[in-house]
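Data block below; observations after.
Values below: all heavy atoms of this structure, side chains included; hydrogens, waters and symmetry mates excluded. Positions are given from 1, in the same order as the sequence printed here. Whatever order the structure lists ligands and atoms in, that order sets their numbers, starting from 1. Predicted model, so just to flag it, every value in this text is computed and none were measured.
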Amino acid sequence: MRIVVQKYGGSSVADLDRIRAVAARIAATRDSGRSVVAVVSAMGNTTNELLSLAHAVSAKPDRRELDMLLSVGERITMALLALALRERGVPAVSLTGSQSGIITDEAHADARVVEVRPSRILQVVAAGQVAIIAGFQGVSRDREVTTLGRGGSDTTAVVLAAALAADWCEICSDVDGVWSADPRVVGEAEKLEGLSLGEALALARGGAKVLYEDAVRYARDHGVAITASATFGPGAGSRIGAGAALGRVAVTGDTGLRRVRLGDRARQADVAALTAAGGRVRRSVGTTLYVDVRNAHGGMPPFEASTDEGPTSMVSAVRSALGEDAVATASATVALHGIAIRASGAEGDVAWWEVAPEDLDEAVRRLHAAF
Ligand code: ADP
Ligand code: ASP
Ligand code: MG
């Protein structure tokens with residue numbers, strides 16, 4: 001069985017016409033002789049709408065109940081897409097994350113995949129049917145529904161590609177691949193032919209939401225090659241995996257950060273509280289932590305000794321070993337002249353500068369022009 005895993009993001013399945021078009025795309029892949037396992041996101045803005053409902057009834061929604069709610073979004077899409085395929089005469093069966101055997105840890109709203117048991121998917125595929133999988137969700141060992149963090153349908157696709165030994169994993173969205181910067185922010189951004197998984201991880205961790213961090217990390221650790229492409233476009237997309245490397249510096253900005261000043265005591269307890277609340281420490285410089293709070297949903301936890309200094313932003317430049325290239329980082333600093341830089345650093349594939357949220361897009365444009 002030669003299997004292809006395709007993941008369709010929220011904008012690709014935003015309405016029924018697009019769901020039908022995705023069904024046609026899947027049918028075309030199937031006609032070319034491969035079995036298709038399709039992972040779907042929630043339709044359009046559904047996840048945000050579900051989150052708003054939760055926040056309307058609860059200031060700090062319980063994370064278990066949030067998962068029960070948010071996991072519904074992708075389940076709507078999976079059933080509609082299976083119906084659309086059947087309507088075309090293509091046999092298709094939809095499966096939830098739990099039915100797909102995606103086992104996670106217990107961290108509600110920010111769970112990590114710990115095991116994949118794809119027997120149910122393999123049965124569907126062996127019967128000649130298309131398997132449609134609800135992305136972004138799994139089940140913990142004590143049978144609780146969990147979700148994988150915002151953007152986590154990418155993770156579902158990659159873990160399934162590994163477990164099914166798929167020929168490739170195609171992440172389909174509204175943009176043709178990975179670009180040298182967010183094409184919505186930088187008009188001169190260029191499509192990247194290819195990049196390494198390490199470079200892609202640095203970009204994802206820096207806020208480039210075209211690929212989710214956990215998905216890229218899993219792909220790197222399990223040797224999964226990814227193609228990122230536009231669902232409804234002629235472009236060839238970008239190849240992310242062994243043998244590919246950035247031909248230029250890529251730039252990314254991240255707005256979803258908060259700066260936390262660690263107090264003298266109870267540091268471990270405060271960091272543990274941050275993590276339990278869904279915060280991810282992105283960088284730490286001395287006693288300052290930069291924390292991604294996208295999956296926190298209830299704001300910051302109460303600290304014993306630390307201080308939440310509020311929202312902040314970071315612009316990052318990425319290319320293999322860029323952090324060791326003093327000339328590159330120095331010229332970037334010149335390009336950012338006039339923008340207040342609160343802190344900066346460089347390490348491995350990335351150099352970064354902390355800027356005020358209102359300066360972020362301009363910083364991304366200037367940095368991109370400098371490289
Ligand atoms: P999906 O819903 O299909 O998962 P996302 O919205 O999560 O899609 O990711 C696609 C978006 O990522 C694009 O619309 C684009 O604005 C943004 N983006 C940010 N940085 C980049 C980049 N370097 N290359 C391509 N897209 C990027
Ligand atoms: N629907 C989820 C989100 O909006 C997961 C995903 O789209 O990947 O974050
Ligand atoms: Mg996404």
Per-pair distances, 0.1 Å, donor-acceptor, side chain in residues 226-233, under 3.5 Å, sequence neighbours excluded:
| residue | atom | partner | partner atom | Å |
| --- | --- | --- | --- | --- |
| Ser229 | OG | Glu170 | OE2 | 3.0 |
| Thr231 | OG1 | Ser12 | OG | 2.7 |
| Thr231 | OG1 | Ser173 | O | 3.4 |

Element-labelled atoms of ligand 2 that are located less than 4.0 Å from some non-hydrogen atom of [X]:
| X | value |
| --- | --- |
| Glu74 | 1 (N), 2 (C), 5 (C) |
| Gly152 | 5 (C), 8 (O) |
| Ser153 | 5 (C), 6 (C), 8 (O) |

- Query: Taking the non-hydrogen atoms of Gly73, is any one of them nearer than 4.0 angstrom to ligand 2?
  - Reply: no
- Task: State if Gly9 counts as touching ligand 2 under the rule of any non-hydrogen atom under 4.0 Å.
- Result: no
When only distance counts, is [X] in polar contact with ligand 2, meaning an N/O pair under 3.5 Å?
| X | value |
| --- | --- |
| Arg150 | yes |
| Asp154 | no |
| Gly10 | no |

- Query: Can you list the steps and then say if Ser140 with Thr146 is a side chain to side chain donor-acceptor pair (under 3.5 Å)?
  - Reply: CA-CA 7 Å; Ser140 69; Thr146 53; over 6 Å; no
- Query: Under 3.5 Å, side chain of Asp105 to main-chain N/O of Arg112, donor-acceptor pair present?
  - Reply: yes
- Is there a donor-acceptor pair closer than 3.5 Å between any side-chain N or O of Gln137 and the backbone N or O of Gly135? yes
- Query: Considering only heavy atoms from C-beta outward, does the side chain of Lys7 approach that of Ile133 to under 4.5 Å?
  - Reply: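 A side-chain contact under 4.5 Å is absent here.
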For a quick check under 3.5 Å, do [X] and [Y] share a side-chain donor-acceptor pair by atom type?
| X | Y | value |
| --- | --- | --- |
| Ser180 | His368 | yes |
| Thr29 | Arg34 | no |
| Arg25 | Tyr8 | yes |

- Query: At what distance is the nearest protein heavy atom to atom 7 (O) of ligand 2, and which residue and atom is it?
  - Reply: Ser41 OG, 3.1 Å
- Message: Tell me every residue that passes ring-ring contact (aromatic ring centres under 6.0 Å, His included) with Phe371, counting only those two or more places apart in sequence or in another chain.
- Response: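 Result, ring-ring contact (aromatic ring centres under 6.0 Å, His included) vs Phe371: none returned.
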- Message: Once salt bridge (Lys or Arg N to Asp or Glu O under 4.0 Å) is applied, do any residues pair with Asp221, and if so which ones, sequence neighbours excluded?
- Response: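 Partners of Asp221 by the salt bridge (Lys or Arg N to Asp or Glu O under 4.0 Å) criterion come out as none, since no residue qualifies.
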Filter the ligand 1-protein atom pairs down to N or O on both sides and distance under 3.5 Å, then list them.
| residue | atom | partner | partner atom | Å |
| --- | --- | --- | --- | --- |
| ligand 1 | 2 (O) | Gly10 | N | 3.3 |
| ligand 1 | 4 (O) | Lys7 | NZ | 2.8 |
| ligand 1 | 6 (O) | Lys209 | NZ | 3.0 |
| ligand 1 | 7 (O) | Lys209 | O | 3.4 |
| ligand 1 | 14 (O) | Asp174 | OD1 | 3.0 |
| ligand 1 | 14 (O) | Asp174 | OD2 | 3.4 |
| ligand 1 | 14 (O) | Arg184 | NE | 3.1 |
| ligand 1 | 14 (O) | Arg184 | NH2 | 2.9 |
| ligand 1 | 16 (O) | Asp182 | OD1 | 2.9 |
| ligand 1 | 16 (O) | Asp182 | OD2 | 3.3 |
| ligand 1 | 16 (O) | Arg184 | NE | 2.9 |
| ligand 1 | 23 (N) | Trp179 | O | 3.0 |
| ligand 1 | 24 (N) | Trp179 | N | 2.9 |

